[in-house]
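The next block holds one structure in the form of structure tokens; read it before the comments.
One is the number of the first residue; the rest follow in order along the sequence.
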Amino acid sequence: MTTTRPSRGRRRAPSRIERAAGKAAALQKPRVILAGLLLLALTSVMLLDGYLRAEVGGDQRVRTGAGTSTVPDDILDGGPILTFRGGRATTVSVPDKTIALTFDDGPNPTWTPEILAILEKYDVPATFFLVGSMVSRYPDIVKDMVAQGNEVGIHTFTHVDLSYQSDARVDREMEQTQLALAGAAGITTTLFRAPYSSKTDAIDNYSWPVYQRLGEDGYTSVFVDTDSDDWKRPGVSNIIKWATPEDGKGASVLFHDAGGERSQTIAALPTYIEKMKAAGYTFTTISGVTQAQDAAARETSGQQAGTLPGGETGGAGADGADGGTDGADAGDGGADGRLQAAHREATGLTLYEGKALVAAVTVAEWTVPTLSVGLAVVGVAVMGRFGMMLILARRHHRKRNRGRFSWGPDVTRPVSVIVPAYNEKECIANTLESLARSTHPIEIIIVDDGSTDGTSEISREAAEALGMTNVRVIRQENAGKPAALNNGVRNASCDIVVMMDGDTVFEPDTVRRLVQPFADPKVGAVAGNAKVGNRDTIIGAWQHIEYVMGFNLDRRMYDLLRCMPTIPGAIGAFRRDAVLEVGGMSEDTLAEDTDITIAMHRAGWNVVYQEHARAWTEAPGSLKQLWSQRYRWSYGTMQALWKHRKSLTDKGPSGRFGRVGMPLVVLFQIVTPVFAPLIDVFTAYSMIFVDFKAALLAWLAVLCVQLVCAAYAFRLDGEKYRYLLMMPLQQLAYRQMMYLVLIHSCVTALTGGRLRWQKLKRTGEVGTPAGVS
């Protein structure tokens with residue numbers, strides 16, 4: 001073969017393989033980004049939900065016993081409404097025989113609607129100081145509250161003591177609550193009540209600067225004169241008694257519509273309203289109080305400036321009276337649709353940001369509980385899988401290793417070993433050397449799939465050096481692994497074909513052990529035991545644990561259930577006629593080994609696992625190579641399952657895979673692994689924001705269960721337990737990568753992407769089996 005050198009100064013045109021690889025790489029980047037964005041979105045939703053529930057950024061500190069030296073005396077001794085008009089702090093008292101009914105900590109989906117119904121029944125307005133996180137969770141209640149004519153104020157977003165918080169946190173608490181109100185009811189408000197506040201005489205040196213700063217921003221801070229202490233649940237009679245002002249005085253009265261069980265508040269409220277109305281009291285809002293005072297002040301000012309001779313009242317006084325009437329009307333709740341005086345219509349960016357916040361919270365409110373239920377299901381499935389693997393693997397081991405067990409008469413006839421190879425110069429000589437030691441008669445067919453590194457020449461030289469006359473090397477243009485395998489099957493002269501990878505080495509008795517199940521005429525294919533040869537690195541050790549625990553325990557389970565999903569490409573044997581019967585190795589999927597295995601099931605053949613037939617393969621040596629391999633595996637498995645989805649309706653023995661194997665593979669290899677990362681995300685979240693000790697103990701408990709399963713798997717395979725020391729680190733790092741690979745594969749499947757057979761970089765470090773420890 002001659003090679004034409006490109007003309008000097010001209011770039012060599014990329015080959016078909018290079019163009020395909022470049023196109024595939026270009027397609028994968030957006031999918032990797034999308035998979036990352038999905039994980040980021042999930043984390044964001046969890047953090048938002050945690051913030052709403054005060055798990056993230058929560059602060060339970062409440063200040064007590066602080067001094068009041070910097071607080072003006074007239075404020076400490078003043079009324080419950082603190083304003084900063086004109087930059088000067090003043091307080092407003094509630095007029096005699098007047099009650100400003102206020103409720104804190106809502107809205108609550110159980111208690112707030114009942115309170116609103118009582119207020120509507122008695123035609124009484126109230127002022128609700130709302131927690132922003134609750135507003136964003138229950139926007140419809142707030143919308144109804146405002147529409148009914150009630151007034152709302154801010155009670156912070158997460159119910160924290162603002163005296164402990166930074167200026168930035170204070171601003172954030174207020175702004176986020178305003179956005180929640182805008183998204184829920186299309187308004188903002190100028191009223192504020194601090195959590196854990198009471199009367200003005202409780203203002204201290206730490207909280208006073210907060211009130212001053214909020215006052216400069218236009219907020220009116222509201223305190224209480226009379227506290228029902230309904231949160232203590234002291235009984236209906238005590239709630240009514242404690243909420244009643246003394247000697248006919250007016251009061252800002254505190255109740256709660258959330259923050260706990262409020263049935264006593266619900267029971268006390270109608271009786272309290274009736275009692276106070278009977279005593280001559282009227283009910284108004286906080287704005288009603290301030291407007292009434294303003295009207296009275298204007299009336300007094302007008303009378304002093306406009307009294308005419310003869311006692312007639314001038315226009316200013318009349319205007320003042322009218323103003324007072326307007327204030328009373330506004331305080332009565334705005335049933336005619338007008339905004340309360342403290343409310344402002346939300347417009348522009350504020351309105352849209354508010355709606356976005358409410359929408360995001362709605363997503364979080366639905367997503368997190370749904371995921372929690374899903375996690376419970378996944379947790380049960382994971383534990384169930386471990387239990388199934390242990391029980392069935394033990395039964396499989398005992399069944400296959402009893403002295404009386406036999407597949408039938410020994411299979412001694414020659415078999416064909418097919419080795420598809422693409423640029424395997426580092427490994428192919430080791431592969432041939434291991435096959436040269438085979439204790440079973442074999443012919444070896446190496447199918448060179450368009451290698452550019454001299455794989456064919458190296459194969460011939462190695463065979464000649466080893467004195468092997470049973471080796472044939474077939475070259476073909478690059479067409480992919482399935483085509484190479486099919487070419488080998490067509491050229492095989494034996495009725496049993498063994499397929500192995502070009503980077504794999506066999507033990508001397510591997511082929512003999514692998515083909516013994518064919519003594520049973522019902523067996524159409526046999527899966528061998530693939531082992532990681534390069535296990536001395538961290539990545540290799542992680543894969544070694546995975547191969548022994550995950551793959552081989554699974555195969556024992558599936559073998560016993562007669563629904564083996566995959567014969568590994570590194571070591572598998574087939575009846576040649578059965579392979580041709582199902583159409584050979586298909587190029588429809590990236591997982592030709594899973595595809596052919598399912599096809600064998602559907603053709604009515606039994607597929608079994610031979611644990612004693614071992615092959616040593618070179619696992620990927622870098623995270624990038626590992627990602628590429630597992631991405632192809634997981635995506636190819638999804639393709640194969642989809643291709644054979646009609647197996648769910650197959651009848652008789654050929655439908656067993658559809659009835660048993662398909663659901664198990666979907667549950668254990670796709671659904672559970674896709675959602676399993678959530679377990680780790682929730683665990684990390686719980687450790688950071690909820691209960692570190694409890695979350696850590698739960699994680700360790702699951703790890704112990706996995707260690708038990710892994711230790712038993714290592715025992716069955718005769719492996720050394722020292723590798724299990726790497727398992728905790730594997731759970732923290734390696735497993736997360738496998739999750740991301742699977743998510744990436746799901747995204748690719750959903751977006752309809754396709755990939756070619758990918759070649760991993762090999763080192764040839766896995767030599768003859770005798771050298772593997």
Side-chain angles (χ1 to χ4, degrees), residues 419 421 423-437 453 458 462 500-510 527-555 568-571 611-633 703 706-741 758-773:
V419 186
N423 288 346
E424 297 287 1
K425 67 177 183 179
E426 296 88 356
C427 309
I428 196 66
N430 291 334
T431 299
L432 284 172
E433 186 177 353
S434 72
L435 292 174
R437 294 185 171 89
D453 66 346
I458 294 173
M500 66 183 297
D501 288 338
D503 61 345
T504 301
V505 296
F506 280 2
E507 295 178 355
D509 63 347
T510 293
N529 188 348
K531 316 285 289 181
V532 174
N534 53 330
R535 59 181 69 173
D536 293 332
T537 64
I538 292 179
I539 297 177
W542 287 344
Q543 292 174 84
H544 173 48
I545 296 171
E546 181 186 27
Y547 271 59
V548 175
M549 178 185 173
F551 297 162
N552 292 329
L553 273 186
D554 271 348
R555 289 194 178 101
I571 176 171
E611 61 185 286
H612 300 297
R614 300 189 298 183
W616 300 87
T617 187
E618 181 179 336
S622 68
L623 292 178
K624 182 178 180 181
Q625 293 278 305
L626 180 61
W627 182 289
S628 179
Q629 182 196 66
R630 298 312 168 84
Y631 177 40
R632 179 174 61 83
W633 284 4
L703 178 62
Q706 292 175 308
L707 278 171
V708 169
C709 290
Y712 185 64
F714 270 57
R715 177 187 172 190
L716 293 182
D717 266 23
E719 295 288 350
K720 297 179 180 179
Y721 294 116
R722 69 172 185 265
Y723 291 100
L724 295 180
L725 295 175
M726 301 295 296
M727 195 165 182
L729 185 59
Q730 184 202 42
Q731 300 302 300
L732 291 173
Y734 177 80
R735 192 175 66 170
Q736 316 310 319
M737 179 179 174
M738 295 300 101
Y739 294 156
L740 293 175
V741 168
Q758 297 167 332
K759 167 65 181 172
L760 300 180
K761 183 179 179 180
R762 300 303 185 185
T763 64
E765 58 185 298
V766 179
T768 58
V772 180
S773 60

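- Heavy-atom minimum distance, Arg437 versus Pro508: O-CB, 3.4 Å.
- Annotation for Ile539 and Pro620: closest pair CG2-O, 3.8 Å, computed over non-hydrogen atoms.
- With sequence neighbours excluded, the residues satisfying side chain to side chain contact (heavy atoms under 4.5 Å, CB included) with Ala530 are Tyr547, Ala570, Ile571.
- A pairwise comparison of heavy atoms in Trp542 and Met726 identifies NE1-O, 3.6 Å as the closest pair.
- Gly533 and Trp616 make their closest contact through CA-CE3, 4.1 Å (heavy atoms, listed as atom of the first residue, atom of the second, distance).
- The two residues Ala710 and Leu724 make their nearest non-hydrogen contact at CB-CD2, 3.6 Å.
- No side-chain heavy atom of Met500 sits less than 4.5 Å from a side-chain heavy atom of Thr510.
- The aromatic rings of His544 and Tyr723 sit perpendicular to each other, their planes meeting at more than 60°, with 30° as the lower class boundary.
- By the 4.5 Å heavy-atom criterion applied to side chains, Leu432 and Val419 are not counted as neighbours.
- Using a 4.5 Å heavy-atom threshold, the side chains of Leu716 and Leu553 count as touching.
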### Task
Starting from the C-alpha separation in whole Å, work towards a yes-or-no answer on side chain to side chain contact (heavy atoms under 4.5 Å, CB included) for Phe551 and Glu546.
CA-CA 7 Å; Phe551 297 162; Glu546 181 186 27; 4.0 Å; yes
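- Taking the side chain to side chain donor-acceptor pair (under 3.5 Å) definition, one finds that Gln706 meets it with Gln731, sequence neighbours left out.
- For Tyr712, there are no ring-ring contact (aromatic ring centres under 6.0 Å, His included) partners at least two apart in sequence or on another chain.
- Looking at Thr431, its side chain does come within 3.5 Å of a backbone N or O of Thr504 through a donor-acceptor pair.
- Ionic pairing of Glu719 and Lys531 is present here: one or more N-O contacts between side-chain nitrogen and carboxylate oxygen are shorter than 4.0 angstrom.
- When all heavy atoms of Asn529 and Asn552 are compared, the pair lying nearest together is OD1-ND2, 2.7 Å.
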